[in-house]
Number of protein chains: 2
Amino acid sequence: MAKKRDENTELQILNAAKNIFQYKGMDGARMQEIADLAGINKAMLHYYYRNKQLLFEAVFKQAFSTLAPQLNLILNNDSSIEDKVKNFTSNYISFVIKHPYLPNFIIQELNRNPDFILKIQENSLLLNIDKFKKRVLLEVNQGILKPIKGEQLFINILALNIFPFVAKPLVKAFINENDKGFEELMEQRKTEVSDFIIQAIKN
Amino acid sequence: MAKKRDENTELQILNAAKNIFQYKGMDGARMQEIADLAGINKAMLHYYYRNKQLLFEAVFKQAFSTLAPQLNLILNNDSSIEDKVKNFTSNYISFVIKHPYLPNFIIQELNRNPDFILKIQENSLLLNIDKFKKRVLLEVNQGILKPIKGEQLFINILALNIFPFVAKPLVKAFINENDKGFEELMEQRKTEVSDFIIQAIKN
DNA sequence: ATTTAGTTTAACCGTTTGGTTAACAAAAGT
DNA sequence: ACTTTTGTTAACCAAACGGTTAAACTAAAT
């Protein structure tokens, strides 16, 4: 069991690295731990990815490419703002339940090293808000929406959807709920949040 | 040049530790780095705080006690929901500009070790949402507010205020602004966010 | 059958890390 | 005056860490 243009090992490594890095972060992760989880020798990590930094970047890029399509649900389709909000909100919450560590991981590591965002943007995953801003301006002028800047609305949408998951331990402490209670609360938010936003902006 | 009933050294250590830990997190911080910043020998860290973990906990507790009064602006005063929202929003944004790493630090480390919240709650810093919930229910019944659960409203208020700072690098990448542009946007939010919330909930 | 090239491993290496120790210096206590 | 206690330092230590090496192994090409 050894030789054959083996993309399998490389993928096993990336998967193990994804688990460890997303759970413990760059600084908290240990190469040995990743190797153990992948069930291979530590030297293989370096054989395929040279060093910890590059392995980490591979994980980070993949994580970001998983998240990006979710955000493009708001930014780059042609529906109305109301539809964008409804669509994104219900979608995103389902998404996070599938990938619990992902939003936190991205935010945490982006704070540790803000330059990563540049490497991402080079890599053709451009996240551009212009189209969204034009649509907001249009609907404001048409009287559909109350006056609001596109940037602020976009930040608000992200905040209401992403924050509760990023700050989960804090929220749980306040709400005084167990995991099940927290998830029920999040389930409610699939409609609650979009109603909240739409009430805030619609004329 | 050595001896004198010195509470000064202990405080210098805590201050240096605060800077390093809040900026780099538990895993990323180095004891030597903290000692260097405090301008003392590394052994002193252990003399006063025994080990890294305890030094970290001292920093974390202090950080949390700095944040808690801000949150009590919503939870434990007798004003109307509208006043709570206006008050907290303008206050909090000024607060974060003074303590840029603080919210991020707390959220990040609480995710790394959710049990910290227990140590905090033992320590008499109870953060209880009950009073807030009662007030929301009251104003809903009086017809001042649209129907909304206290928990959800509280999460929304936190989210809209805290998120943009926690996700600063991400937001900056979207908005395509430099630091100055970001701060202007946050300055706008002092009123923008409370208007947004009030429009969403008021009858 | 032998070479060749890619894959995998055990052992190793230098450095960094959190933590300890022993000696020392200045107050405080007697 | 002396002893004891407290604060401080330089030197040290074992363990953990990221990374390397050289050799073994495997399957395909010649």
Side-chain angles (χ1 to χ4, degrees), chain A residues 1-62 105 108-109 112-113 115-116 119, chain B residues 1-62 105 108-109 112-113 115-116 119:
Chain A
M1 48 152 95
K3 184 42 188 13
K4 202 215 281 163
R5 282 279 168 210
D6 212 343
E7 291 157 22
N8 194 27
T9 307
E10 193 170 347
L11 231 132
Q12 256 177 289
I13 293 174
L14 195 66
N15 261 328
K18 191 168 67 180
N19 280 317
I20 302 291
F21 275 133
Q22 291 192 12
Y23 188 62
K24 304 204 166 185
M26 169 70 169
D27 292 331
R30 298 289 156 246
M31 294 297 267
Q32 187 61 57
E33 208 179 356
I34 294 171
D36 290 348
L37 185 62
I40 45 115
N41 189 288
K42 184 170 58 114
M44 296 299 284
L45 304 184
H46 298 91
Y47 181 75
Y48 283 102
Y49 293 91
R50 281 187 62 93
N51 57 39
K52 191 183 183 185
Q53 178 67 23
L54 287 175
L55 176 55
F56 175 81
E57 286 179 20
V59 169
F60 187 84
K61 279 177 191 168
Q62 199 199 275
F105 170 68
Q108 182 177 331
E109 296 300 328
R112 207 181 49 88
N113 183 1
D115 292 339
F116 273 167
K119 278 188 188 163
Chain B
M1 51 153 90
K3 211 356 215 23
K4 202 214 283 167
R5 276 284 168 208
D6 216 343
E7 291 160 21
N8 195 25
T9 306
E10 193 170 349
L11 231 133
Q12 257 177 290
I13 292 175
L14 195 66
N15 261 328
K18 191 167 68 179
N19 279 316
I20 302 291
F21 275 132
Q22 291 192 11
Y23 188 61
K24 304 204 166 184
M26 169 70 168
D27 292 330
R30 299 291 157 244
M31 294 296 268
Q32 187 60 59
E33 209 179 354
I34 294 171
D36 290 347
L37 186 61
I40 45 117
N41 190 289
K42 184 170 58 117
M44 295 301 284
L45 305 184
H46 298 89
Y47 181 76
Y48 282 102
Y49 293 92
R50 280 188 63 92
N51 57 38
K52 191 184 182 182
Q53 178 68 22
L54 287 174
L55 176 55
F56 175 81
E57 286 178 22
V59 169
F60 187 84
K61 280 177 190 167
Q62 200 200 275
F105 170 68
Q108 181 178 331
E109 296 300 328
R112 207 180 51 86
N113 183 0
D115 293 339
F116 273 167
K119 278 190 187 159

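Every value quoted in this text rests on a predicted model; they were computed, and no experiment measured them. Every chain is numbered from 1, with letters handed out A, B, ... down the list of sequences.
- The interatomic distance linking B:Lys52 (NZ) with C:dT16 (C1') rounds to 12 Å, in whole Å.
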What is the per-nucleotide protein-contact pattern of nucleotides 9-16 of chain D, from the 5' end, where B denotes a base atom under 4.0 Å from a protein heavy atom, S denotes such proximity for sugar-phosphate atoms only, and - denotes neither? BB------
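- Distance CD1 (B:Ile13) to P (D:dG7): 11 Å, rounded to an integer number of Å.
- With sequence neighbours excluded, no residue satisfies ring pair (Phe, Tyr, Trp, His ring centres under 6.0 Å) with A:Tyr49.
- Listed by chain and number, the residues in a ring pair (Phe, Tyr, Trp, His ring centres under 6.0 Å) with A:Tyr47 amount to none (sequence neighbours excluded).
- For A:Tyr48, whose side chain is taken as the heavy atoms from C-beta onward, the closest listed nucleotide among C:dG18, D:dT8, C:dT8 is C:dT8.
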Take A:Asp115 and A:Lys119, measure what side-chain contact (heavy atoms from CB on, under 4.5 Å) needs, and give me the verdict at the end. CA-CA 7 Å; A:Asp115 292 339; A:Lys119 278 188 188 163; over 6 Å; no
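- Every residue meeting the side chain to side chain contact (heavy atoms under 4.5 Å, CB included) condition with B:Leu11, not counting sequence neighbours, appears here in chain and number order: B:Asn15.
- The CG-P distance, from B:Asn51 to C:dT20, rounds to 8 Å in whole Å.
- Distance A:Arg50 CZ to D:dT20 P: 8 Å, rounded to the nearest Å.
- Protein atom CG of A:Asp36 is 14 Å distant from nucleotide atom C1' of D:dC17, rounded to whole Å.
- Checked against side chain to side chain contact (heavy atoms under 4.5 Å, CB included), A:Gln108 has the following partners two or more places apart in sequence or in another chain: A:Asn104, B:Gln108.
- Scored by the side chain to side chain contact (heavy atoms under 4.5 Å, CB included) test, A:Arg30 finds A:Glu33, A:Lys52 as partners (sequence neighbours excluded).
- Contacts of A:Phe105 classified as ring pair (Phe, Tyr, Trp, His ring centres under 6.0 Å), with partners at least two apart in sequence or in another chain: A:Phe56, A:Phe60.
- Computed from coordinates, the A:Met31 CE to C:dG14 P distance equals 20 Å when rounded to whole Å.
- Within 4.0 Å of B:Ala29, counting heavy atoms only, lie sugar-phosphate atoms of the nucleic acid but no base atom.
- Between its two ends, the helix from C:dA1-D:dT30 to C:dT30-D:dA1 turns its axis by 10°, counting five pairs per end and rounding to 10 degrees.
- Residue B:Thr9 places none of its side-chain N or O atoms closer than 4.0 Å to OP1 or OP2 of D:dG7.
- For the side chain to side chain contact (heavy atoms under 4.5 Å, CB included) test, residues two or more places apart in sequence or in another chain that qualify with A:Asn41 are A:Ala43, A:Met44.
- For the pair A:His46 NE2 and C:dA10 P, the computed distance is 16 Å after rounding to whole Å.
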Just do the side-chain contact (heavy atoms from CB on, under 4.5 Å) check on A:Ile34 and A:Leu55 with the steps written out, would you? CA-CA 10 Å; A:Ile34 294 171; A:Leu55 176 55; 4.2 Å; yes
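- A:Gln12 places its CD atom 14 Å from the C1' atom of C:dT7, with the value rounded to the nearest Å.
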